[in-house]
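Reviewing the structure listed below.
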There are 2 protein chains.
Amino acid sequence: MPDHSERQLLLLGLLRHQEMHGYQINEFIDEQMAFCVDLKRSTAYYLLERLRHEGYVTEETERTGNRPERRVYRITPAGETHFQALLRANLATYTPPTYANDIGLIFHQHLPPAEVRTLLETRRQNILAHQQKLKSLATVLPTDHLAIIRHHLIHVTAELDWIEEQLA
Amino acid sequence: MPDHSERQLLLLGLLRHQEMHGYQINEFIDEQMAFCVDLKRSTAYYLLERLRHEGYVTEETERTGNRPERRVYRITPAGETHFQALLRANLATYTPPTYANDIGLIFHQHLPPAEVRTLLETRRQNILAHQQKLKSLATVLPTDHLAIIRHHLIHVTAELDWIEEQLA
DNA sequence: ACAGAAATAGTCAGACTTGAGTATAGCGAA
DNA sequence: TTCGCTATACTCAAGTCTGACTATTTCTGT
């Protein structure tokens, strides 16, 4: 059983604020949260179905005008409780991320040092580009997200420090 | 088609060094790489089968004594080429990780500030524990891994900085 | 000498994930 | 008015991942 908890937390947190239909949830995630969670649209539908199955949300079909039916999700009292538990667990826990780019470094001796340097130089440019994107997000997204953007920026800086150390 | 590339890179890199059977590969990963890659044993078998299907490794069954048969994997010339390509791509790329614990922060206002503080204090202890574990790894693992351990330590430090900023 | 633990070597059902596809509605331009 | 493009709302087949399990061999303590 993999650990959906943070995505469940996200979905329940959104529904806690207000009832929403699937498309709306996905739109919100894509526009405001994509930079810090990885959750595709089809996966969100799947998870919502699971939350319903577990009694944490209810599903109600409605239609507006002649548009196709939509399923409106609403959090249940059990869902509220679950949300609180997930939130407490999430805040108290530290889950170290995995850095996909570590693997390359392990095998760097299989390439000529000069080429490794060039490749890492390119990586450095990509990191700088990502840093810029984060900075511009800060001006676009609501202020609730500032702490998280700052979190990402701190790590990007750490990444730049490390790669410069490797280049030296 | 998800992006196995870093795990393929890992498997090919190990086989490039010497032929190995599945169990041996898994043992090595569990003992030396678990701290920087997330790859379960059954997944490794699955990926090896895929690499074979794609012609990057060959599989040969052998038996030693009365033990059950084992499948020995050996990298092919095509696998060598693929390895080089994956390695170059990996070194030149930056793949920002996702931080599972960000989600909690988004919803922190749903709990009393004092409790949030206590929970984050606990998280901080967990980060410190993780930092210690990394430091002790540095004394146990071969020196090739030092750069990567350093990489993780830099990020753990960044994480501690950030959380202390939040607590203040 | 022999029972129980640990190591060896995988297999597989079932859960998770997602790109590609389906189907209808509104809207702007020619 | 009608052709095509975008927005709305999902669905699903196919691919991926892993916890739990099987089965045999070798050690270890008594």
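None of these values were measured; they are calculated from a predicted model.
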Scan the side chains in residues 90-99 of chain B for donor-acceptor partners under 3.5 Å anywhere in the protein, sequence neighbours excluded, and list what turns up.
residue: B:N90; atom: OD1; partner: A:G104; partner atom: N; Å: 3.2
residue: B:N90; atom: ND2; partner: A:A100; partner atom: O; Å: 3.3
residue: B:T93; atom: OG1; partner: B:A89; partner atom: O; Å: 2.5

Measure from the side chain of A:S42, starting at C-beta and using heavy atoms only, and say which of D:dC12, D:dA9, D:dC17 lies closest.
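The answer is D:dC12.
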Measure from the side chain of A:R71, starting at C-beta and using heavy atoms only, and say which of D:dT11, C:dC16, D:dT18 lies closest.
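Nearest to the side-chain atoms of A:R71, counting from C-beta on, is D:dT11.
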Just how far, in rounded Å, is [atom2] of [N] from [atom1] of [X]?
| X | N | atom1 | atom2 | answer |
| --- | --- | --- | --- | --- |
| A:L47 | C:dT17 | CG | P | 6 Å |
| B:E60 | C:dA9 | CD | P | 16 Å |
| A:R70 | C:dT22 | CZ | C1' | 18 Å |
| A:E69 | D:dC10 | CD | P | 9 Å |
| B:R52 | C:dG10 | CZ | P | 14 Å |
| A:E49 | C:dT18 | CD | C1' | 17 Å |
| B:E62 | C:dG10 | CD | C1' | 15 Å |
| B:Y45 | C:dA13 | OH | P | 18 Å |

With [X] via side chain to side chain contact (heavy atoms under 4.5 Å, CB included) - residues at least two apart:
| X | value |
| --- | --- |
| B:Q125 | B:E121, B:L128 |
| B:Q132 | B:K135 |
| A:A138 | A:L146, A:I149 |

Among pairs that include at least one residue of residues 39-63 of chain A, which meet ring-ring contact (aromatic ring centres under 6.0 Å, His included), considering only residues two or more places apart or in two chains?
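Every ring-ring contact (aromatic ring centres under 6.0 Å, His included) pair that includes a residue of residues 39-63 of chain A, provided the two are not neighbours, is A:Y56-A:H82.
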Can you tell me which residue pairs pass the ring-ring contact (aromatic ring centres under 6.0 Å, His included) test with a partner in residues 10-35 of chain A, sequence neighbours excluded?
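As it turns out, the ring-ring contact (aromatic ring centres under 6.0 Å, His included) pairs with a partner in residues 10-35 of chain A, which skip direct neighbours, are A:F35-A:H152.
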Does [N] have its OP1 or OP2 closer than 4.0 Å to a side-chain nitrogen or oxygen of [X]?
| X | N | result |
| --- | --- | --- |
| B:Y46 | D:dT16 | yes |
| B:T43 | D:dT18 | yes |
| B:R50 | D:dT16 | yes |

Quick test of your reading: applying side chain to side chain donor-acceptor pair (under 3.5 Å), list the pairs with at least one residue in residues 139-151 of chain B, sequence neighbours left out, ordered by first then second residue.
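Non-adjacent pairs meeting side chain to side chain donor-acceptor pair (under 3.5 Å): A:D102-B:H151, A:E159-B:H151, A:E165-B:R150, B:H151-B:H155.
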B:R7 bridged to B:D38 by N-O distance under 4.0 Å:
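B:D38 and B:R7: not salt-bridged.
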So which of residues 20-41 of chain B are in contact with DNA chain D, with a heavy-atom cut-off of under 4.0 Å?
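Of all residues in residues 20-41 of chain B, the ones placing a heavy atom under 4.0 Å from DNA chain D are B:D38, B:K40.
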Residue B:R117 excluded, over 12 heavy atoms near CZ under 6.0 Å
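Counting neighbours around CZ of B:R117, 12 or fewer heavy atoms of other residues, nucleotides or ligands fall under 6.0 Å, so no.
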At what angle, to 10 degrees, do the two end axes of the helix from C:dA1-D:dT30 to C:dA30-D:dT1 meet, given five pairs define each axis?
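The value is 20°.
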